[in-house]
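Some notes on the structure that comes next.
Every chain is numbered from 1 and lettered A, B, ... according to where its sequence line falls, protein lines coming before strand lines.
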Protein chains: 2
Amino acid sequence: MSLITDAPDKPTLYKQIRQDIERRILTGEWPPGHRIPFEHQLMVRYGCSRMTVNKALSELAQADLIERRRRAGSFVRRPQHLSAVLKIADIRAEITALGRAYGYELINRRLRAATAADRIRLGVKKAGKVVAIACRHSADGMPFAVEDRLIDLSSVPDAATADFANEPPGSWLLHHVPWTEAEHTISAIVADDRTAAALDIAVGAPCLVIDRYTWRSARTITAVRLLYPGDTHRLVARFKGG
Amino acid sequence: MSLITDAPDKPTLYKQIRQDIERRILTGEWPPGHRIPFEHQLMVRYGCSRMTVNKALSELAQADLIERRRRAGSFVRRPQHLSAVLKIADIRAEITALGRAYGYELINRRLRAATAADRIRLGVKKAGKVVAIACRHSADGMPFAVEDRLIDLSSVPDAATADFANEPPGSWLLHHVPWTEAEHTISAIVADDRTAAALDIAVGAPCLVIDRYTWRSARTITAVRLLYPGDTHRLVARFKGG
DNA sequence: TTGACTTATATGTCTAGACATATAATCGTG
DNA sequence: CACGATTATATGTCTAGACATATAAGTCAA
């Protein structure tokens, strides 16, 4: 579901310098704490101006591979805590990418005044209207995930009239509302009878849960809970690090 | 467990330009596909040289917020698929960060010739030796996670003599072996009797599973499976996007 | 020894140019 | 009209300087 690729680039000088240093760091030749040659030394070694060296080092610093300290120099950072770019794609794109046929089914759609529980879930204080949606995504006709979503109509008025019978709300929102911030929480539960029926798995079978909250400029847009069969579905995050 | 913070920086000119454009993109003032003013126009607007504008735009391009095309200009990119930086910290750091007391207990440590199953798990073909470790992490005396790890001794010879009785293998590896690539797979299972006993939860209770493989320059270092109680533990990924 | 002050220095930012290069737009030609 | 050649232009990279600024290291006094 995710992969960080290094596009092969024309080896301009600053990129060459950057890759050169990166290689030494990744192979361990320059261990954490090692001081990288000063910009002045590097410009002599590579026969270029300081700006060129600076650009290479700046990018390495931006990638957290090195740390730059005024007057002291640049240092190889100690291995970062494991961190991964976890790309959780639009479910339709995810299923299509697997080469399987995507299916969507709206189970329930209700427009209502926000209940107390709704307001807590969306993290809003004022009363207002919400759209509650339950739907199911399938791959090759088999249940893939069930979705339980709440959309704050005060943030997304258009959602009141949107037709979610044919378009999944996730796709609709992605195309209609720019988001600025989001949060995923991943956990595990066992299927209750309703979930089990919807996913066509046994009651008590493990489920992977993704709760996603999306904001736009500190304003809640939507809260969604996705349930996947836990033994067949996997989230994969692949990454590089130092 | 993760958070992308924007450190408040002294507002140098290029950063101001960058944030200015970033704001317009994030608020939707400049929607996806919108062409950003040419560098030449921006240098007039901000009264600076092209290199300054170029630095701002280059960083925005590096962050995938804009796309730059020669002769055509720079354009706001359409919203990326949801992607999050999922920071899976060293467990000790994770527990400490929660303000709880960290505990570690080695359950089992065996040095053996790699079995067929070991070789499959590590993705190596040649015969060799491995260290198999089972251990438990606890927070405030309560089981937090159980770990089942395999270390390839041909990649990490020192692991044969390392003392994992007092130091968790994850911390030891992080400090002794630089890694260049890793992969996480997140899934859910239900606890079997052994897992239930180790985590002090009921048989059949949900567990969050993290399988992590770590490589160094295409060479497998270690494979580890972490089991967390699924209803109490959560992976959180918070992020920004366009 | 400790704390306050000074100094040297590496990085941070910026300029006003230059040439390279990819490509959108235009122009000509069949 | 279609297609290939030409041209204009925005970005990509680079230079040789400049001054700003944080700070490690050295200096000196209490």
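- Between the side chain of B:R70 and the base of C:dT21, a donor-acceptor pair under 3.5 Å is found.
- Within the 4.0 angstrom heavy-atom criterion, no nucleotide atom of any strand lies near B:L57.
- Considering only residues two or more places apart in sequence or on other chains, A:E105 meets the side-chain contact (heavy atoms from CB on, under 4.5 Å) condition with A:R136.
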Would you be so kind as to tabulate the donor-acceptor pairs closer than 3.5 Å made by side chains of residues 150-157 of chain B, with sequence neighbours excluded?
residue, atom, partner, partner atom, Å
B:D152, OD1, B:S154, N, 2.9
B:D152, OD1, B:S154, OG, 2.7
B:D152, OD2, B:S154, OG, 3.4
B:S155, OG, B:R219, NE, 3.2
B:S155, OG, B:T220, O, 2.7

All N/O pairs under 3.5 Å across the protein-nucleotides 25-28 of chain C interface:
none

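- Distance from the side chain of B:L13 is smallest for C:dC14 among the nucleotides C:dA22, D:dA22, C:dC14.
- With sequence neighbours excluded, the residues that form a side-chain contact (heavy atoms from CB on, under 4.5 Å) with B:D158 are B:W172.
- If you measure from atom CZ of B:R69 to atom P of C:dA24, you get 7 Å, rounded to the nearest angstrom.
- Minimum heavy-atom separation, A:P32 to A:R77: CB-O, 3.7 Å.
- Remark: side-chain polar atoms of A:Y104 are paired, donor with acceptor, to backbone N or O of A:F164 under 3.5 angstrom.
- To the nearest angstrom, C1' of C:dT9 lies 14 Å from CZ of A:R68.
- Here A:S74 lies in heavy-atom contact (under 4.0 Å) with sugar-phosphate atoms only.
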Which donor-acceptor pairs under 3.5 Å do the side chains of residues 47-57 of chain A make with protein atoms, sequence neighbours left out?
residue, atom, partner, partner atom, Å
A:R50, NH1, A:E39, OE1, 2.4
A:N54, OD1, A:S58, OG, 3.2
A:N54, ND2, A:E39, OE2, 3.0

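- A:Y14 has its OH atom 8 Å from the P atom of D:dC14, to the nearest Å.
- Screening residues 162-171 of chain B for side chain to side chain donor-acceptor pair (under 3.5 Å) gives B:D90-B:S171 as the qualifying pairs, with residues at least two apart or on separate chains.
- To the nearest angstrom, C1' of C:dT23 lies 12 Å from CZ of B:F75.
- Within a heavy-atom distance below 4.0 Å of DNA chain D, the residues of residues 35-56 of chain B found are B:F38, B:E39, B:R50, B:M51, B:N54.
- A close approach under 4.0 Å does occur between a side-chain nitrogen or oxygen of A:K15 and OP1 or OP2 of D:dT13.
- The side-chain contact (heavy atoms from CB on, under 4.5 Å) search around B:A61 returns B:I66, B:R68, not counting sequence neighbours.
- Every residue two or more places apart in sequence or in another chain that forms a side-chain contact (heavy atoms from CB on, under 4.5 Å) with A:F38 is listed here: A:R35, A:Q41.
- The distance between atom CD of A:Q62 and atom P of C:dT11, rounded to the nearest whole Å, is 17 Å.
- When the C1' atom of C:dG12 is taken as reference, atom CD of A:E67 falls 15 Å away, rounded to whole Å.
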